[in-house]
Each structure stands twice: as structure tokens, then as C-alpha cells.
Amino acid sequence: EGALSQLRDEFDVTVERLETAIRFNAPVHFEFDDDRVRPSDRPVLDRFAEVVQAYYDGATITVEGFTDSAGSAEYNRRLGMRRAESVKNYLAERGIPSSQLRAVSYGQEEARQVIPGAYGPGDAGWQNRRVAMVIDFHPATQGPAQVAASGSDENGEGGDEG
């Protein structure tokens, strides 16, 4: 509990307790149409990795990727997956076993947007361009389906998200 409180206080992380998991809504955001972890977001991810290794050994960590609503839904599902994979890889580099990590994308799903309908480019809609991490205590339970990450949509369009 103390480590969770520190994360919350130090990095403005919100923690949601779910039935069999804990969701960390960390302030990890992305530039418009980008999937790279920003240097400014590395400290919260580093601290998250430390807490997971110290207190949640063996738990499944799901990195959820999100986008704003600019662009096609298909493109944004792929972009959300690239963001989730980017953070997943970063956490693996920090010592969390890749067998405990998985990535999913919710893309531009309105029900999961911080500010519904807000989108870029530029600074507009930045709150929706993010990831969340879920620590699942029961890795055998079913979770959201993984979405494949690849190329642009059938019209050759990209975007941030579109």
C-alpha cells in the first residue's frame, strides 16, 4: 500500500482497484501520431517497474494503448497497439519479464477517452493519447483481445491518429 501511495503522490498516478486487478492511470502520454516513450515519462515508468518487481512478482501486467479520435478507427487501433508495445518493451528493459507483459489497444474507444472527442494535432487531445497499466493477480482470467499492429489502413491513411 505504501508503494502505491508513493506512486500516486510522486507522479499523480490514479489507482483503480478492480475485482481481480489494479489499474494504474499513469501520466504517460504521446505526441500526435507517435508511439515513442517521451523522456519526461520515463521516471514514472521506471518507478512503476520497481514497484511491480518488488510487490507483484508473477502478476500479469497489461499495457493498454489509447489514441485521440483523429483518423480512422482501424488506424487508431494499430497506433494504440504500437504505443502499448513501446511501453511494454520499455518495462521489459527495466527488468519485468516479458512473459508477464502483454499489450492491448483500445484505440479511440470513446468510452475510455479522458476527454471524449478531443483530438489533435498539436496539444489538442493530448489527454487521450496515453497508456494505462493493469496489474492482474489472476493471469489465467480472460482479458481483452490483442490487436495486431501493422501498417496503414486499406486506404493507405494514417493519422492519430489518422
Review point. Does Ala92 have any side chain to side chain contact (heavy atoms under 4.5 Å, CB included) partners at least two apart in sequence or in another chain, and if so, which?
Key: Leu101
Practice item. Give a yes or no on whether the backbone of Glu10 and the side-chain of Gln6 come within a donor-acceptor separation of less than 3.5 Å. Key: no
Review point. If you draw a 6.0 Å radius around CG in Asp9, do more than 12 non-hydrogen atoms from other residues or ligands fall strictly inside?
Key: yes
Check your understanding: Considering all heavy atoms of both residues, which atom of Ala118 and which atom of Asp68 are nearest to each other, and what is their separation?
Key -> O-CB, 3.3 Å
Review point. Within the distance-only criterion (no hydrogens, no angle test), does the side chain of Thr67 pair as donor or acceptor with the backbone N or O of Gln108 below 3.5 angstrom?
Key: yes
Review point. Who passes salt bridge (Lys or Arg N to Asp or Glu O under 4.0 Å) against Glu50, sequence neighbours left out?
Key: Arg47
**Study point:** All ring-ring contact (aromatic ring centres under 6.0 Å, His included) counterparts of Tyr56, not counting sequence neighbours
**Key:** Phe137
Review point. Phe66 ring centre to Arg130 NZ or CZ under 6.0 Å, with the angle to the axis within 45°?
Key: yes
Check your understanding: Would you find more than 12 non-hydrogen atoms of other residues, nucleotides or ligands less than 6.0 Å from Arg36 atom CZ?
Key -> no
Check your understanding: For Asp46, what residues pass the salt bridge (Lys or Arg N to Asp or Glu O under 4.0 Å) criterion, not counting sequence neighbours?
Key -> Arg94
Check your understanding: Does Arg38 have any salt bridge (Lys or Arg N to Asp or Glu O under 4.0 Å) partners at least two apart in sequence or in another chain, and if so, which?
Key -> Glu31, Asp41
With a 3.5 Å cut-off and sequence neighbours excluded, list the donor-acceptor pairs that the side chains of residues 21-29 form with protein atoms.
residue, atom, partner, partner atom, Å
Arg23, NE, Glu64, OE1, 3.3
Arg23, NH2, Glu64, OE2, 3.4
Asn25, ND2, Thr14, OG1, 3.4
Asn25, ND2, Glu16, OE2, 2.7

Check your understanding: Any side-chain heavy atom of Leu45 within less than 4.5 Å of one from Arg42?
Key -> no
Point to revise | Path from Ile96 to Val134 over hydrophobic side-chain contacts below 4.5 Å | key: no
